[in-house]
Amino acid sequence: MIYFYNLLLLILCYLSEINSARILGIIPTPSISHQIVYRPIWKELSQRGHKVTVLTTDPINDSSLKNLTEIDLSFSYDLYNNKHNFSDKIDKLAGKPLEMVNAIITMNADICDEQLKHPKVKRLINDPNEHFDVILVEILQPCMFAFAHRFKAASIGVVSMDAQSAAYDSVVNPTHPILNPDFMLPLAGKLSFFERVFSVVISNVMRVYEFLFIIPINDKVIRENFGDDYPSCKDFIQYLDMLFVNVHPILSGIRPNVPAVVNIGAGLHIQSPKSLPEDLKSFLDNAPSDVIYFSLGSNVKSKDIIPSTRQIITETFAELPYTILWKFEADSLPNQPKNVKIMKWLPQQDVLRHPKIKLFITQAGHQSIEEAIFSHVPMVVMPFFADQEGNAKRIVLKDIAVKVDHKELTKESFKSSILEVMENKKYRENVKKLAELLQDEPMTGLEKAVWWTEHVIRHKGAKHYRSAAIEMPFYEYFLLDVIGFLLLVLFIVIYVSVKMSKLVFKVIFKLCGGEKPKFKRH
Ligand SMILES: *[C@@H]1O[C@H](CO)[C@@H](O)[C@H](O)[C@H]1NC(C)=O
C-alpha cells in the first residue's frame, strides 16, 4: 500500500513537473509604478504552478505565494534618490532633453551594474544548476537580457507603459512616425508639418542614440558581470520572442501590431477595492464640499516643485470652493490654506474611488491616468518629464482632461482649468464612457500576459511569429531598391522615347524635302 502511495506521488510529481515551468522576471527600475504592473502576472503564474523567480525593487512579500521567490533589490532606490539624485534633476533638467536622456542612461547603467553585483543575483548568474524556460525583462534595461543568453531561455520584453520605437524595432513591428509618434515625444493627434518633421527626425536620432550610447554602455556592464565572451545586448534584443506592452490602443493610439506584440493594458495593475484608513475615510466622508485630489506621483515630489510655482498652487487652492487633498512629502506646507489637507502617502486607487473625489490633478503618469479613468474621475494634467507630456496630450484629445503648464503656471490659468473640469459635466461623462470601452474586451490584459507566456513556454519560444522583415536589409524593407529600379526604368523609357521621337522627326523631314524649312528674309 505504501509502495503504491509512493508511486502515485511520484507520478503526480512527474505530471506537475511537466506543467510547471521555471520563469525568471526582471524588473530593475526603482519606481513603484513600474513594479505594480507585473505583480498580478507573477502572482497568477506562480499560482498556476510555475516556479517564478523575480528580481524586483519592490517585493510583494506574500508568504502565501509558495512558488514565488523574490530577490529584493530595493537598495536601488538609494542609487536613484541619493547617488544620482534623480528627483532633483526632473525639475532642473526639464526643457533640456539631451542632458535628461544622458542622466537617465548613465543612471540606468549604474543601477544595472550594482544590481548584477548584488550577492543573490551573482549567485543566480554563477549557479551551474540554475535553469529557466523563459525570462521576462523590463525592456528599459537592455543589459538584463544577458540572462536569456546565460540560461539559453526564451525571452519576452515587458514594459509598464508604451514601448519606444527602438523596442518595437526589436520585434520588427512597424512604427509610423506620423500616425504613431514615439510615446516619449510631446506629440499626439493630427500633427502640423513641423511636428511631423520633428517626429521623423527625433525618432531616428533616438535610434542612433540607442546604437551609439545605450548599447555600448550596457555591453560594458554585461561583459563585466557575465563574462568577456558575451555577445552584445543588441543581439539579445534582436532575438526577443515577444513584447508585452502595457497599453490599450484606444488610449495610446491605434497602430498595426505584429503578433509578437501583445497589448496587456489597460488597468492591469488596478487592485480590488480596499477600505480607506480610518482617518482618511472620515476626512473624506465629512468634507464640507467636493474634494480635489492632487498628487504628482512617485517620481516627481511635490516638495521639489520650485517655491514660486508652489506659491501659485497654494494661492489658487485657497480661492477654490472645494477641499483639496494633496500628496505632499514634507512635514509642513508653507502658507497652507484652510481647505487643503496634506498627507505624505495615500492609497491612491481607493482615494480615487471615494465618491467625494471629483477631480484629480496629476503629473499624467501612465498608471495614474488609468486609475483615474477606471474610477471615473476627470483630470487636470501637469506633465513634468518622460512620457507625461505625450500622455497629457493624448487624454486631452479624449476630452477627459485639461492641461496646464507647470513652468508657466499662473493663478488665473490654473484656477480656470480646475473650474472648467469641475463644472463642465462632459469630462465626467466622457471618462465614464472611456472606462466602459477599455473594459469591453474578450480577454483581460492579465489573461493575455499569462496565456502568451505559457505559449512561449510550450513552444520554447515564439520564433514562428517573427516577421520576415527581421532578415531584411532596410533598403528592401523601405522599398528603396524597388523605387530606385522603377525610377531608372521610367528614366530609360522617357530618354528612349525622346531620342526616338527626335529620330522620327528627322526621318520625316528628310522624306518631305530633305531640308529643314528655313526662314529667309526677303
Ligand atoms: C505551487 O505549485 C504547485 C505545482 O508545482 C501547485 O500544485 C501549487 O498549487 C502551487 N502553490 C501555490 C501556493 O500557488
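Ligands are counted one by one from 1 in listed order, and the atoms in each one are counted from 1 as well. Throughout, residue positions are numbered sequentially from 1 according to the sequence presented.
- For ligand 1, the polar-atom distance check against L65 finds no nitrogen or oxygen pair separated by under 3.5 Å.
- Taking distance alone, with nitrogen or oxygen atoms compared against 3.5 Å, N67 approaches ligand 1 more closely than that limit.
- In this structure, R48 does not count as a contact residue of ligand 1, since none of its heavy atoms falls inside 4.0 Å of the ligand.
- The local environment of CD in E471 is sparse, with at most 12 non-hydrogen atoms from other residues, nucleotides or ligands closer than 6.0 Å.
- The heavy-atom pair separating G297 from E329 by the smallest distance is O-OE2, 4.2 Å.
- Residue-level proximity to ligand 1 for H50 is absent, since no heavy atom of it falls below 4.0 angstrom.
- Qualifying ring pair (Phe, Tyr, Trp, His ring centres under 6.0 Å) partners for Y427, counting only residues two or more places apart in sequence or in other chains: none.
- A centroid separation of less than 6.0 Å is found between the aromatic rings of H149 and Y230.
- In this structure, R207 pairs ionically with D169, as a charged nitrogen and a carboxylate oxygen lie closer than 4.0 Å.
- The S64 neighbourhood of ligand 1 comprises atoms 13 (C), with distances under 4.0 Å to a heavy atom of that residue.
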